[in-house]
Amino acid sequence: MKIHEYQAKELLAQYKVPTPKGQVATTVGEAEKIASDLMCWPLVVKAQVHVGGRGKAGGVKVVKDMAALKGAAESILNLSIKGIKVRKVLIEPAVDIKQEIYLGLILDRSTQRPVIMACAEGGVEIEELAVTNPDAILKLPIPPTYGLRPHHVREVATFLRIPETAKKSFNAIMGGLVKAFYEKDCSLAEVNPLVITGLGDAIACDAKINFDDNALYKHPELESLRDTGEEEPLEVLASEKKLNYVKLEGKIGCIVNGAGLAMGTMDIVKHFGGEPANFLDIGGGAKAEQVADALKLITADPNVNTIFFNIFGGIVRCDLVAQGILQALDSMDKFPYPIVIRLSGTNEEIAKQILDENKGKVKSKGTEMTLMPTMAEGARKAVEISKSRAAA
Amino acid sequence: MAVLVDDNTRLLIQGITGREGQFHGGQMQAYGTNVVAGVTPGKGGTKTLENVPVFNTVREAVAATKCNATIIYVPAAFAADAALEAMEAGIKLVIIITEGVPTLEMMTVYHEARRSGVVVVGPNCPGVITPGKAKCGIMPGHIHKPGRVGLISRSGTLTYEIVWELTRAGIGQSTCIGIGGDPIVGTSHLDALKLFNDDPETDAVVMIGEIGGNAEEDAARWVKANMKKPVVGFIAGLTAPPGKRMGHAGAIISGGSGTGQEKIRVLNECGIKVGEIPDQIPALVKAQLK
C-alpha cells in the first residue's frame with residue numbers, strides 16, 4: 001500500500017524524525033489559511049499524489065508571498081500528474097538547503113534482507129542514479145539476526161560526509177526510519193531529499209513509504225491512510241469484491257484462474273496481435289458468483305469489446321466452471337459481448353457438452369460463445385473477434 | 001530418486017483439520033503420498049483422513065511418526081510460526097502453501113532455514129510433486145507423468161498448463177517444484193536448478209519465471225557457468241505495466257527493474273531457449289534432448 005508524502009512524514013515524526021511542520025489543503029482557501037497560520041516565508045507548495053516526477057510536472061513550487069501562494073495552490077490543484085488528478089497540496093516552510101542526500105530502506109529480494117541505500121546526491125530518483133552513477137550509492141544490508149547497530153549509522157554518516165553539526169539529527173532520521181520500517185512492516189521507506197540546512201541540521205524534506213500488503217492485517221491503524229481516490233476506480237471495486245484485477249488499455253477482457261496464467265494470457269493475446277484490457281485472476285475455484293462479479297467488472301471498462309475466459313481445470317473441474325459461467329449469465333438481463341472460452345483439464349468433455357446444450361440460453365442474453373481447445377487457439381480467436389468488432 | 005520428495009517421504013500436514021488441509025490431504029493420500037501425521041493445536045489424540053493421527057505439536061508428531069517433511073496449510077498469520085516450529089523439531093523439508101505471509105516474517109524463516117540446513121519451499125506456492133511417487137502440494141496429480149524433465153516455477157496454474165503440454169507431448173517429469181510467487185521464497189530458481197543439476201534422474205529443466213526481482217537472471221548466469229543439463233525457459237508478464245502488483249506479491253516491476261523483456265534478454269544471453277507462448281515449450285525441450 002502506498003501513502004502520501006504528508007502521511008509518511010507524519011508517521012516518521014512519530015518516530016522522532018525531524019520534518020518541516022506543514023499542513024494539507026484541498027482548496028486554495030485552505031491553503032491561504034495554512035499559510036497565514038504558519039507565518040513564515042518562503043513556503044513550499046507540493047502536490048500530494050502517489051506517483052513520482054512531481055517536480056518536473058510543475059507540482060512543487062516555492063512561494064514568497066500570499067499572492068504567489070494562491071497562484072501556486074490554484075495551478076497545482078488543477079494539475080494531473082501521470083494521469084492522476086491532484087486533489088491535495090502540502091504547504092510547509094521552505095528549508096534552507098545546503099546539501100541534498102538520499103537515504104532509503106528497501107526490502108531486498110536477492111539478499112532476503114532490508115538494505116540501507118544512501119547517496120550524497122539526493123533529490124533525484126534513486127533508480128536513475130543506480131543506472132547513471134552506481135558507485136555513488138552505498139548499499140548496506142541490515143543483518144537479519146541482530147538488526148541495526150550504531151556502527152551501521154556511523155558507516156552511513158561517514159560515507160555521506162555528514163557534518164559534525166548534523167550528526168545528532170541525522171542519527172535521529174536514520175534510527176527513526178529503520179525503526180518505522182520494521183515496526184510498520186514497510187516494503188520501502190525513503191527520505192529524499194534528506195537536507196543539511198544552512199544552520200547545519202539534518203531534516204527529512206520529503207518522504208515515501210510503501211507497506212507490505214501481506215502485513216496490513218497487523219496494523220489496523222494504517223487502514224485510515226489508504227487513499228482510494230489515488231487508485232484506478234475499477235481496481236478499487238475489484239478489491240472490494242476480492243478479485244485480483246489490474247486495468248490495462250486494450251479491448252480484450254481476460255478472465256483467468258491463477259496469477260501466473262493470467263499474466264501468460266495477457267501476453268498471448270498480445271502475441272497474436274491483440275491488446276489485453278486487464279489482468280484478472282479469479283482464483284482457483286471459479287465459482288458462479290466470482291464469475292459474475294468478474295464479468296460485471298470487466299464490462300464496466302468501456303474499451304472492452306470481447307471476453308476471453310482462459311481456465312485450466314486442475315483441481316477445479318471444468319464442468320463446474322462451465323456451470324458457473326452459465327449461472328453468472330443467468331444473473332444478468334443482457335450480456336452484449338462475445339465470449340471466447342478455453343476450458344481444458346479435468347472433465348473438459350462434460351463442460352463442452354453443458355455449454356453446447358445451453359447455446360440457446362446464451363443467445364437469448366445477446367451474446368455468443370465460442371469454445372476453443374487450447375490457450376493459443378482461444379487467444380487467436382479472441383483477437384480475431386475483437387478486431388472485427390473494432391472495425392465494425 | 002528425483003529431488004526433494006519421493007516414496008521415502010513421510011509427510012506431516014500442519015493445519016490438517018482445516019478446509020484446505022482436509023481437501024488436499026485427501027487428494028495427496030489418493031495420489032499415494034505417505035501422509036503419516038497431522039498437526040492442529042487442540043485436536044491432538046484424534047484421527048483424520050485415512051487413519052492419520054493428529055498431534056498438538058510438531059515435536060510430538062516427529063517423535064511418534066518419524067515424519068521427515070511437512071506441508072503447511074495454516075492461515076497466513078500463523079504460517080511463519082508453523083514453519084519455525086517444524087524446523088525446531090528437526091524436519092528438513094518444509095513446504096509452505098499459504099498465501100499472504102508477511103514478508104519480514106518470511107525473512108526470519110528464510111535465514112533460520114539457511115542456518116539450520118532446512119529446505120523451505122514457498123510460501124504462496126503449489127508445492128512439490130515427483131510424479132508417480134509423491135505429491136506434496138495442491139497441484140492436480142493426474143496431469144503429470146513420470147519422466148526425466150525437471151520443472152521449476154513461481155506460479156500454479158501456468159505451471160499446470162505447461163506440465164499438461166509436456167505430458168500430452170509424451171514428455172514426463174522427474175520433479176516439479178513450485179517455488180512460490182512471493183518476493184522472498186525459501187527456494188529460489190537457482191537453488192532448484194542446483195538440485196536438478198545433481199539429480200541423475202533429470203535430463204533437462206524447464207524454468208518458468210515471471211516479472212519482478214531478478215531471480216531468473218541470477219539463475220540464468222549460474223546456468224551459463226555451471227549447468228550440465230539443458231534448460232528451457234518461459235517468462236510471464238511481458239505486457240504487465242510497471243508498478244502494479246500482478247496477483248503474486250512478488251510479480252511487480254519496480255524502479256524499471258524486473259521486466260519480462262530484460263529477463264528474456266539475459267536468459268537468451270546465457271544460452272537458455274525461451275518459449276514465446278506455452279505451447280512451444282514441449283518442442284523446445286525435445287530439441288534440447290536430442
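Every value quoted in this text rests on a predicted model; they were computed, and no experiment measured them. Throughout, a chain's letter reflects where its sequence line sits, starting with A, and its residues are numbered from 1.
- Of the two parts of Ile184(B), only the side chain, counted from C-beta on, holds a non-hydrogen atom closer than 4.5 Å to a non-hydrogen atom of chain A.
- Heavy atoms of other residues, nucleotides or ligands lying less than 6.0 angstrom from CZ of Phe78(B) number 12 at most.
- Scanning both residues, Leu104(B) and Asp212(A), for their nearest heavy atoms gives N-OD2, 4.4 Å.
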inquiry  = Between Ile211(B) and Met263(A), is the side chain to side chain contact (heavy atoms under 4.5 Å, CB included) condition met? List the steps.
reply    = CA-CA 9 Å; Ile211(B) 55 159; Met263(A) 277 186 268; 3.9 Å; yes
message = What verdict does the side chain to side chain contact (heavy atoms under 4.5 Å, CB included) test give for Asn214(A) and Asp182(B), after you've listed the backbone C-alpha separation in whole Å, the side-chain angles of each residue and the deciding distance to 0.1 Å?
response = CA-CA 10 Å; Asn214(A) 284 355; Asp182(B) 277 3; 4.0 Å; yes
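- Between Ala376(A) and Asp279(B), the shortest heavy-atom contact is CB-OD2, 3.4 Å.
- Ranking His24(B), Arg154(B), Glu276(B) against chain A, the residue ahead of the rest is Glu276(B), based on heavy-atom pairs under 4.5 Å.
- Heavy atoms only, all atoms of each residue included: Pro102(B) and Lys218(A) are closest at CG-CE, 4.0 Å.
- Highest contact tally toward chain A, considering only Ala249(B), Gly213(B), Ala76(B), Ser153(B), is held by Gly213(B) [criterion: heavy-atom pairs under 4.5 Å].
- At a 4.5 Å heavy-atom cutoff, the contact between Ile138(B) and chain A is made by backbone atoms alone.
- Rounding to the nearest 0.5 Å places CG of Leu158(B) at 6.5 Å from CE of Met375(A).
- Contact check for Glu235(A) versus Lys244(B): side-chain heavy atoms found under the 4.5 Å cut-off.
- In this structure, CD on Gln112(A) lies 6.5 Å from CZ on Arg114(B), to the nearest 0.5 angstrom.
- Only the side chain of Phe272(A) comes within less than 4.5 Å of a heavy atom in chain B; its backbone stays farther off.
- Of all the heavy atoms in Pro241(B) and Val246(A), the pair that sits closest is CG-CG1, 4.2 Å.
- The two atoms that bring Ile268(A) and Ile277(B) nearest to each other are CG1-CG2, 3.5 Å, heavy atoms only.
- Ring pair Phe312(A)/Trp164(B) is perpendicular by interplanar angle, where above 60° counts as perpendicular and below 30° as parallel.
- Looking at Gln27(B), only its side chain comes within 4.5 Å of chain A, counting heavy atoms on both sides.
- Neither the backbone nor the side chain of Glu275(A) comes within contact range of chain B; no heavy atom of the residue lies under 4.5 Å from a heavy atom of that chain.
- Here the closest heavy-atom approach between residue Arg113(A) and residue Met107(B) is recorded as CA-SD, 3.7 Å.
- Top candidate by heavy-atom pairs under 4.5 Å with chain A, chosen from Gly243(B), Ser257(B), Gly250(B), is Gly250(B).
- Using a 4.5 Å cut-off between heavy atoms, His111(B) touches chain A through its side chain atoms alone.
- Taking OG from Ser344(A) and CD from Glu165(B), the interatomic distance works out to 8.0 Å, rounded to the nearest 0.5 Å.
- Rounding to the nearest 0.5 Å places CZ of Arg245(B) at 9.5 Å from OG of Ser187(A).
- Distance check, rounded to the nearest 0.5 Å: CD of Glu249(A) to OG1 of Thr239(B) gives 12.5 Å.
- Residue Ile208(B): no heavy atom, backbone or side chain, is found under 4.5 Å from chain A.
- The contact between Tyr160(B) and chain A is made by backbone and side chain atoms together, counting heavy-atom distances below 4.5 Å.
- Contact annotation for Glu105(B): only side-chain heavy atoms (C-beta onward) come within less than 4.5 Å of a heavy atom of chain A.
- In terms of heavy-atom pairs under 4.5 Å with chain A, the best-connected choice from His142(B), Met106(B), Glu161(B), Arg115(B) is Glu161(B).
- For Met139(B), the part lying near chain A is the backbone, with the side chain staying farther off; criterion is any non-hydrogen pair under 4.5 Å.
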